[in-house]
**Q** 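Below is one structure. I have some questions about it.
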Amino acid sequence: MIVTARFLILTVVVGSLLLNCGSLFIQSTNSQSTNIQYVSSDFVKAIDAAFIEMTDDEEYIDSYRNIGLIFPIPECVNYFGVSEFPYPDKFDFNYKEKVFTMCYQKNAGSPRQEMHELAARILVKLLNRRYKIQLNYEVKQLDTGKLGFFGTLKNAVDTGECQVSVASTAIDSSRDSQIHFQCPYASSTNGFLRTTLDPQITVNNLNDLNRTGLLVGVATGTFYESFIPQISAATIVGASTTQNVLRLITQGKVHAVLGDINDLITFQKISTNNCTDCNVRGIGGTVEMASFTSGYIVASSATSLVLNYYCDQTPKACDCLFLKENCDVNVYIDCC
């Protein structure tokens, strides 16, 4: 009976929140993930501010160069239009009872894994220093085989499996509408690696890949899939991770692979036995990469607690709410 009364109270509270959702929800997405965990705007603002500061942090800058990344660190000031670190007054996370969790994809490979770990370490350092706390934290490596790269990481931050994805994710408009990007802290460019399979076939640019009979590897759920329409004549060989795509090279199964040029150059350097005559070509301009948090952002931690409890109790109704673009209560009731 106590549980029932408690749930009724929360239902009334959520009902009143829905009536005012225009002011309540700072950002929402069209995701249909279950077990959504909402985050407060102050939590997200703290993460945002830390990544702005990260691009100006000496330890981060020196380590970034030592990893061997050849493209510059973007200027976050230009990205957010601010010249200082806009930290909120408090870090809205229950760090005394919960583990602060960051995540990236399993089998990220070098130098990407080093970049992910560096971002996680500096993020914790900056938050601890700013708020005079000592975060208990962990960094998870997630299997992307089922949902692909972006789908896996998005699901992780949406459901609270991790609070921040530090997977150096390429920023584009389709992703930006689904999650909340921080400012970019790394950059690169897209490219392809031409393998030694059928060396008589000349491949110098992306257009040369657009021919029947060519086998082109690409990791599923990554930004590089956006190039597939431009090489529609080729046969695309998908793989669950970047490392699995690179294995296709050593196995002699593809003529080329699409990917991040840092990853491709590193692979070529360390694969002296299998890729001595391979060559790497750049395609397109600079790609900026960033961390991201959930797009399910509410005004306060109190609101997030209410909604998280509500969604745990009635996940179908919770999903239904975010499938609707307007917040008319009658529409919500009809839907659910």
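The shown structure was predicted, so the numbers you read here are calculated from the model rather than taken from an experiment.
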**Q** For V216 versus V254, what's the shortest heavy-atom pair and its separation?
**A** C-CG1, 4.4 Å
**Q** What is the distance from atom OG1 of T222 to atom CZ of F149, rounded to the nearest 0.5 Å?
**A** 8.0 Å
**Q** Within this structure, what is the CD1-CD1 distance for the pair I261 and I265, rounded to the nearest 0.5 Å?
**A** 4.5 Å
**Q** Is any side-chain heavy atom of L69 closer than 4.5 Å to one of P111?
**A** yes
**Q** How about Q163 and V39: do any of their side-chain heavy atoms sit closer than 4.5 Å?
**A** no
**Q** We want to know whether N107 and T241 form a side-chain donor-acceptor pair, criterion being a heavy-atom distance below 3.5 angstrom.
**A** no
**Q** Could you tell me which non-hydrogen atom of A167 sits nearest to which non-hydrogen atom of R112, and how far apart they are?
**A** O-NH1, 4.2 Å
**Q** Under 3.5 Å, is there a donor on one side chain and an acceptor on the other for S187 and E288?
**A** no
**Q** When rounded to the nearest 0.5 angstrom, what distance separates SG in C103 from CG in L153?
**A** 5.5 Å
**Q** In Å, rounded to the nearest 0.5 Å, how long is the span from CG of L264 to CG of N190?
**A** 9.5 Å
**Q** Is there a donor-acceptor contact under 3.5 Å from the side chain of Q268 to the main chain of C278?
**A** yes
**Q** Is it the case that one hydrophobic cluster holds both I283 and Y224, taking links as side-chain heavy atoms less than 4.5 Å apart, direct or via other members?
**A** yes
**Q** Answer whether the closest heavy-atom distance between the side chains of M102 and Y137 falls below 4.5 Å.
**A** yes
**Q** Applying side-chain contact (heavy atoms from CB on, under 4.5 Å), name anything that partners T220, two or more places apart in sequence or on another chain.
**A** E225
**Q** Membership question, hydrophobic clusters at under 4.5 Å side-chain separation (ILVMFWY): are I270 and L246 in the same one?
**A** no
**Q** Atom OG in S165, atom CG in D158: separation rounded to 0.5 Å?
**A** 11.0 Å
**Q** Measure the acute angle between the ring planes of Y104 and H116, then classify it against the limits of 30° and 60° as parallel, tilted or perpendicular.
**A** tilted
**Q** Can a donor-acceptor pair be found between the side chains of S294 and H180 at a distance below 3.5 Å?
**A** no
**Q** For K269, does the NZ atom sit with more than 12 other heavy atoms under 6.0 Å from it, leaving out its own atoms?
**A** no
**Q** Are the side chains of K106 and L142 in contact, using a 4.5 Å heavy-atom criterion?
**A** no
**Q** Indicate the ring-plane relationship of F292 and F181, choosing parallel, tilted or perpendicular according to the 30° and 60° boundaries.
**A** perpendicular
**Q** With a 4.5 Å limit on heavy-atom distance, are the side chains of M115 and N262 in contact?
**A** no
**Q** Under the criterion ring pair (Phe, Tyr, Trp, His ring centres under 6.0 Å), which of Y95, F91, F93 is the partner of Y131?
**A** F91
**Q** When you compare the side chain of D260 with that of M289, does any pair of heavy atoms fall below 4.5 Å?
**A** yes
**Q** State whether the number of non-hydrogen atoms from other residues, nucleotides or ligands found under 6.0 Å of N66 atom CG is greater than 12.
**A** yes
**Q** Who pairs with R65 by side-chain contact (heavy atoms from CB on, under 4.5 Å), at least two apart in sequence or on another chain?
**A** I61, D62
**Q** side-chain contact (heavy atoms from CB on, under 4.5 Å) for F227 and L206? Distances and angles first, verdict last.
**A** CA-CA 9 Å; F227 291 101; L206 190 64; 3.9 Å; yes
**Q** Please determine whether residues I231 and L215 belong to a single hydrophobic cluster, defined as Ile, Leu, Val, Met, Phe, Trp and Tyr linked transitively by side-chain heavy-atom distances below 4.5 Å.
**A** no
**Q** Should V139 and F51 be regarded as members of a common hydrophobic cluster, given that ILVMFWY residues are connected when their side-chain heavy atoms come within less than 4.5 Å of each other, either directly or indirectly?
**A** yes
**Q** Are a donor atom and an acceptor atom from the side chains of R281 and N204 found within less than 3.5 Å of each other?
**A** yes
**Q** Over all heavy atoms of both residues, which pair between V287 and A170 is shortest? Give the atoms and the distance, please.
**A** CG1-CB, 3.6 Å
**Q** With D172, which residues qualify under side-chain contact (heavy atoms from CB on, under 4.5 Å), at least two apart?
**A** S174, R175, F223
**Q** Could you check if a side-chain atom of I67 sits within less than 4.5 angstrom of a side-chain atom of E117, using non-hydrogen atoms only?
**A** no
**Q** Apply side-chain contact (heavy atoms from CB on, under 4.5 Å) to residues F150 and Q178 and explain how you reach the verdict.
**A** CA-CA 10 Å; F150 181 69; Q178 300 179 63; 3.9 Å; yes
**Q** Which heavy atom of A239 sits nearest to which heavy atom of V245, and what is that distance?
**A** CB-CG2, 3.5 Å
**Q** Checking D263 against T242: is there a side-chain donor and acceptor pair closer than 3.5 Å?
**A** no
**Q** Decide whether E138 and T101 meet the rule of one side-chain donor and one side-chain acceptor closer than 3.5 Å.
**A** yes
**Q** Would you say that D277 contacts P199 through its side chain, given a criterion of any heavy-atom pair below 4.5 Å between the two side chains?
**A** no
**Q** With side-chain contact (heavy atoms from CB on, under 4.5 Å) as the test, would you mind laying out the steps for T55 and E53 before giving the verdict?
**A** CA-CA 6 Å; T55 63; E53 185 175 7; over 6 Å; no
**Q** Go through the steps for Q141 and Q105 under the test side-chain contact (heavy atoms from CB on, under 4.5 Å), then give the verdict.
**A** CA-CA 5 Å; Q141 297 184 31; Q105 75 276 32; over 6 Å; no
**Q** Report whether L214 and V257 are members of the same hydrophobic cluster (ILVMFWY, side-chain heavy atoms less than 4.5 Å apart, transitive linking).
**A** no
**Q** Is the backbone N or O of S232 less than 3.5 Å from a side-chain atom of N210, with the two atoms forming a donor-acceptor pair by type?
**A** yes
**Q** Any side-chain to backbone donor/acceptor pair from T195 onto H255? Under 3.5 Å, distance only.
**A** yes
**Q** Is it the case that T159 and N35 place a side-chain donor and acceptor less than 3.5 Å from each other?
**A** no
**Q** Identify the heavy atoms of D92 and F43 that sit nearest to each other, and give their distance.
**A** O-CB, 3.5 Å
**Q** Where is the tightest heavy-atom contact between A119 and M54, given as atom of each residue plus distance?
**A** O-CE, 3.3 Å
**Q** When rounded to the nearest 0.5 angstrom, what distance separates CG in L197 from CG in L248?
**A** 11.0 Å
**Q** Just by distance, do the side chain of R130 and the backbone of I133 share a donor-acceptor pair under 3.5 Å?
**A** no
**Q** With distance as the sole criterion, is a donor-acceptor pair present between the side chains of E59 and S63 under 3.5 Å?
**A** no
**Q** Taking NZ, NE, NH1 and NH2 as the nitrogens, is one of them in D57 or K125 under 4.0 Å from a carboxylate oxygen of the other?
**A** yes
